[in-house]
Amino acid sequence: MTQFQVQKDDFAKGRIVEGKTTELADGEILLKIDCFAFTANNITYAVAGDMIGYWQFFPPVGEDTEGWGVLPVWGFADVVESTVDDVPVGDRLFGYFPLATHLKMRPVHISDHRFIDGAAHRAKLPAGYNLYRRVLAEPNYTSATDRERMLFAPLFLTAFCLWDLLQASSYFGAQQVLILSASSKTSIGLAYALQADEDAPKVIGITSQRNLALVDGLGLYEKSITYDAVEDIDPTIPTVIVDMAGNGEVLANLHKRLGDQMKRCINVGLTHWDARAKQEGFIDERSEFFFAPSWIQKRLKDWGPAAFEQKTNGFLFKTAAKAKTWMRFRALKGLPELAEVYEDVCEGRIPANEGLVVKMG
């Protein structure tokens, strides 16, 4: 087994480590990871690694593991060994995997379409991340759409959940929605959802100067501005902020400018992870951290699994088709080529319209 590990207290630093793969115990399967997407969202997993438990999903291998962790990614893997009759060799899975060549799992609650990894160390972690879809059982599955699914599905599902929260809350009485890090794929997914909602307030995208042309060209935002131009925002209009950036200085400036008109600040991602500390002026009592798996669990109970999948799959299919018009995919070969661009992802140097897809050997 080979892993790409990152340093927990300085996660711009990574290394490739070789480890041993022990024999399977009864009830275990061995997966060979085939491909996965890698985005700024994966860096968010490092930022929130201790708070949410992301470091616990996939323990690091090797002898010197103190202070090192393995980032999760979304992708596809194939069963290459199995002691579980209901999950045979050759089965193909979509789900949450480590930056690694292989992974052992213990399938439980097995059905034709999915199962849960019942590994003991994952039992108390967010349930949505432990579910794996058996894609060969899907009637329309084709590997030709793998790259779109692993890149867009996790991000656009979060976008759908954000829109669902906003419209279920009547947009907290706001007349405008500010989306920070407007060029991020989750932000763009949310903007697509808001554009399709006739009851949604106007939407303003806030982005860097480098990404302003891309954001403008999408035609999704009523107005696009840069982070240093927040004084252009009308402070008299009731406002909801959806923050994908996590830049403490920008947020504090917006909170101070809007004051009582800042109806809600929903903190989602941390693309600006190096500037995430809260600063004076931040309004805690009207701010919340949004954790998509919790909202998914709520809607599964509210709607039932079949209705939930119908609603979300329809959105994901339509939005991914739209995104393909501006997205370009960049293929990387294995962990070594990922290692070459890893620091660029951490530092935000990957173009916003580029999707990294890693194909393992």
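Only this structure's heavy atoms are used, side chains among them; waters, hydrogens and symmetry mates stay out.
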Do the side chain of T186 and the main chain of A159 share a donor and acceptor less than 3.5 angstrom apart? no
Enumerate the residue pairs fulfilling side-chain hydrogen bond (donor to acceptor under 3.5 Å, both in side chains) with a member in residues 254-263, sequence neighbours excluded, ordered by first and then second residue. none
Short side-chain to backbone donor-acceptor contact, Q195 and V203, under 3.5 Å: no
Main-chain N/O of K13 paired with D10 side-chain donor or acceptor, under 3.5 Å: no
Stepwise, does the side chain to side chain contact (heavy atoms under 4.5 Å, CB included) test hold for L178 with Y221? CA-CA 10 Å; L178 308 182; Y221 302 99; over 6 Å; no
Main chain of I266, side chain of D243: is a donor-acceptor contact present, judged purely on distance under 3.5 Å? no
Who are the salt bridge (Lys or Arg N to Asp or Glu O under 4.0 Å) partners of R299, not counting sequence neighbours? D164, D302
Quick one: pull up NZ in K359 and CD in E337 and give me the separation to the nearest 0.5 Å. 13.5 Å
Between F11 and V341, is there a shared hydrophobic cluster once you connect ILVMFWY residues whose side-chain heavy atoms come closer than 4.5 Å? yes
Quiz question: by atom type and distance under 3.5 Å, do the side chains of T226 and D228 form a donor-acceptor pair? yes
For P336, the side-chain contact (heavy atoms from CB on, under 4.5 Å) test, sequence neighbours excluded, returns I16
Would you please name every residue forming a salt bridge (Lys or Arg N to Asp or Glu O under 4.0 Å) with K223, sequence neighbours left out? none
Indicate, with yes or no, if L338 and V345 share a hydrophobic cluster defined by side-chain heavy-atom contacts under 4.5 Å among Ile, Leu, Val, Met, Phe, Trp and Tyr. yes
Kindly say whether T39 contributes a backbone atom to a donor-acceptor pair with the side chain of N42 at under 3.5 angstrom? yes
Linked, directly or transitively: Y342 and F329 (ILVMFWY side chains, under 4.5 Å): yes
Output the distance between atom CZ (F115) and atom CG (D86), rounded to the nearest 0.5 Å. 11.0 Å
Would T142 and N140 count as a side chain to side chain contact (heavy atoms under 4.5 Å, CB included) here? Give the steps. CA-CA 6 Å; T142 169; N140 299 315; over 6 Å; no
Contact between T22 and E28 at the side-chain level, heavy atoms closer than 4.5 Å - yes or no? no
Is it true that a side-chain atom of S82 and a backbone atom of P88 form a donor plus acceptor pair closer than 3.5 Å? no
Give me each pair satisfying side-chain hydrogen bond (donor to acceptor under 3.5 Å, both in side chains) with a member in residues 310-325, each pair once, sequence neighbours excluded. none
Is it the case that the side chain of R106 and the backbone of D26 share a donor-acceptor pair, with hydrogens and angles ignored and the cut-off at 3.5 Å? yes
Can you pull the ring-ring contact (aromatic ring centres under 6.0 Å, His included) pairs that have at least one residue in residues 77-104, sequence neighbours excluded? Y45-Y96, F57-Y96, W74-Y96, F76-F94, Y96-Y129, F97-Y132
Between Q5 and V61, is there a donor-acceptor pair closer than 3.5 Å when you use the side chain of the first and the backbone of the second? yes
H113: which residues meet the side-chain contact (heavy atoms from CB on, under 4.5 Å) condition with it, sequence neighbours left out? S111, A137
Applied to residues 159-207, the ring-ring contact (aromatic ring centres under 6.0 Å, His included) test, sequence neighbours excluded, yields F160-W163, F160-F315
Please name all residues satisfying side-chain contact (heavy atoms from CB on, under 4.5 Å) with E343, sequence neighbours left out, ordered by chain then number. E347, R349
Partner of I29 by side-chain contact (heavy atoms from CB on, under 4.5 Å), out of K104, E81, M105: M105
Name all pairs fulfilling the side-chain hydrogen bond (donor to acceptor under 3.5 Å, both in side chains) condition that reach into residues 148-161, sequence neighbours left out, sorted by first residue then second. E138-R149
Could you list the residues that satisfy salt bridge (Lys or Arg N to Asp or Glu O under 4.0 Å) with R210, not counting sequence neighbours? none
Counting N and O atoms only, with roles assigned by atom type, does the side chain of T2 sit under 3.5 Å from a partner on the main chain of T101, one being a donor and the other an acceptor? no
Keeping the roles fixed (side chain from T239, backbone from I237), state whether a donor-acceptor pair exists under 3.5 Å. yes
Is any side-chain heavy atom of V73 closer than 4.5 Å to a side-chain heavy atom of I33? no
Run the salt bridge (Lys or Arg N to Asp or Glu O under 4.0 Å) test against D78 and tell me which residues pass, sequence neighbours left out. R92
